[in-house]
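Notes follow the structure.
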Amino acid sequence: MGLFSFKKKKPTVIGLTLSGGGMRGIAHIAVLKALEEYNLKPHIISGTSAGSIIGAFYSFGKTPDEMMDIVRSTSFFSRSALKLSKNGIFSSNFILKLFKDYFPEDNFSILKIPVYVTATEMTHGIVDFFSEGELFTPLLASSSVPFILPPVRIGEKIYVDGGVLDNLPIEPIIDQCDFLIASHVNSISYDELKKMSLMKEFDRILHLAIAKSVYSKVKHCDIFLDPPKMTKFSLFNKKYMDEMFQQVYEYTCEELELKGYHKDLKPGEHKA
């Protein structure tokens, strides 16, 4: 081998954490589109609620553009999904139908990138992470916003939305990646207090309550994406989805440029 031996440089493992946020989860699709263009495609993903669903679709192989087409053609929180039961305002059947329509099998094994799905276990008040076995039920559990969607039973345990206790679940991947990116899509807008519906009030109270735990994790992230005034967009309505997508895409590109990333760099040439 001669006097010198050269070791091949180990590729940087990029981790991505996606917060919850209801229909604001569409913003994560914009983040993914920008990350791809800047050669920061993730190798491992964790998510909660809408973030876990977006992460699963992306891991399965859906492109950001394909995911936007799916959102446009799907009805979310429609009148037909109203249930008004003691367990939730809406039935979760529309979410389950989404999974059945686009995933060929109800198993984590269909995903091409490792994904950790976060859900809140009600009895003991702890967070559980799912990454193998059945896929649909953990995704449903992770996105079951209390009072809006019914809780989900997995085995002997009852689960609700992972964001209740952990709306930025970096924990399962932080030790498995070299470079951690987090996308949080619930920054509070302070321009919306003049008129506030019951749903807006619920949204605001929820995210005021969990904001401190989210922002305490920023120091652990190499890139923390927190597009401004996101609560002006509804948790349950996709009416302004294209405006939100464009706003978050432009914000993400600007943030990456400020940090020294450029679209013409090849994978591995970014700072890490």
Side-chain angles (χ1 to χ4, degrees), residues 9-21 24-59 63-65 67-68 113-118 129 162-163 166-189 207 210-231 233 244-272:
K9 187 178 179 181
K10 186 180 177 182
T12 300
V13 176
I14 300 172
L16 175 64
T17 297
L18 304 174
S19 75
R24 290 195 288 268
I26 294 167
H28 292 315
I29 304 175
V31 167
L32 284 163
K33 186 175 179 67
L35 291 178
E36 281 195 350
E37 292 177 357
Y38 284 81
N39 295 301
L40 289 166
K41 187 172 180 177
H43 304 105
I44 187 169
I45 297 172
S46 63
T48 195
S49 200
S52 67
I53 295 174
I54 296 297
F57 270 87
Y58 186 74
S59 174
T63 67
D65 289 342
M67 283 192 280
M68 287 300 288
I113 300 171
V115 173
Y116 289 82
V117 173
T118 310
F129 302 107
D166 195 349
N167 207 32
L168 199 73
I170 64 174
E171 293 81 4
I173 67 170
I174 192 168
D175 293 328
Q176 298 189 60
C177 63
D178 307 304
F179 192 84
L180 180 59
I181 303 170
S183 174
H184 175 247
V185 294
N186 303 292
S187 62
I188 295 172
S189 170
H207 288 100
I210 63 180
K212 186 175 180 181
S213 65
V214 168
Y215 290 112
S216 69
K217 300 183 183 185
V218 174
K219 62 182 178 289
H220 301 295
C221 304
D222 296 284
I223 297 177
F224 179 68
L225 299 168
D226 191 31
K229 298 184 177 181
M230 286 299 290
T231 56
F233 299 110
M244 175 169 55
F245 181 93
Q246 191 61 30
Q247 175 183 312
V248 175
Y249 171 76
E250 291 175 0
Y251 162 87
T252 305
C253 291
E254 289 170 6
E255 286 294 302
L256 295 177
E257 291 282 344
L258 285 171
K259 293 181 181 297
Y261 298 91
H262 303 285
K263 292 184 178 181
D264 57 346
L265 292 180
K266 296 176 182 178
E269 291 184 328
H270 54 76
K271 294 188 295 183

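Along the sequence shown, residues carry numbers from 1.
With a 4.5 Å cut-off on side-chain heavy atoms, E36 and T63 do not count as touching. You'll find the side chain of L35 reaches within 4.5 Å of the side chain of L256, heavy atoms only. For the pair E171/K217, a side-chain contact is recorded, criterion being any heavy-atom separation below 4.5 Å from C-beta on. Taking the side chain as every heavy atom from C-beta outward, Q176 and H43 never approach each other to under 4.5 Å. Looking at Y58 and K41, their side chains come closer than 4.5 Å, going by heavy atoms from C-beta outward. Residues L16 and I14 fail the side-chain proximity criterion, which asks for heavy atoms closer than 4.5 Å.
Side-chain atoms of S59 come within 3.5 Å of backbone atoms of I113 as a donor-acceptor pair (strictly under, hydrogens ignored). A distance-only check finds no donor-acceptor pair linking the side chain of S19 to the backbone of L168 [under 3.5 Å]. Judged by distance alone, with hydrogens and angles left aside, the side-chain atoms of N186 form a donor-acceptor pair with the main-chain N or O of G20 at under 3.5 Å. In this structure, S46 contributes its side chain and I173 its backbone to no donor-acceptor pair below 3.5 Å.
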Self-check item: Y261 and E37: CA distance, side-chain angles, deciding distance, side chain to side chain donor-acceptor pair (under 3.5 Å) verdict
Solution: CA-CA 10 Å; Y261 298 91; E37 292 177 357; over 6 Å; no

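No hydrogens or angles considered: nothing links the side chains of E255 and Y38 as a donor-acceptor pair under 3.5 Å.
Salt-bridge formation is not detected for the pair K263/E257: no Lys NZ or Arg NE/NH1/NH2 atom is positioned less than 4.0 Å from an Asp or Glu carboxylate oxygen.
Remark: aromatic rings of H184 and Y215 are close, center separation under 6.0 Å.
Here T252 contributes atom OG1 and L40 contributes atom CG; the two are 11.0 Å apart, rounded to the nearest 0.5 Å. Considering CD of Q247 and CE of M230, their distance stands at 6.5 Å, rounded to 0.5 Å.
Other residues, nucleotides and ligands place no more than 12 heavy atoms under 6.0 Å from the NZ atom of K212.
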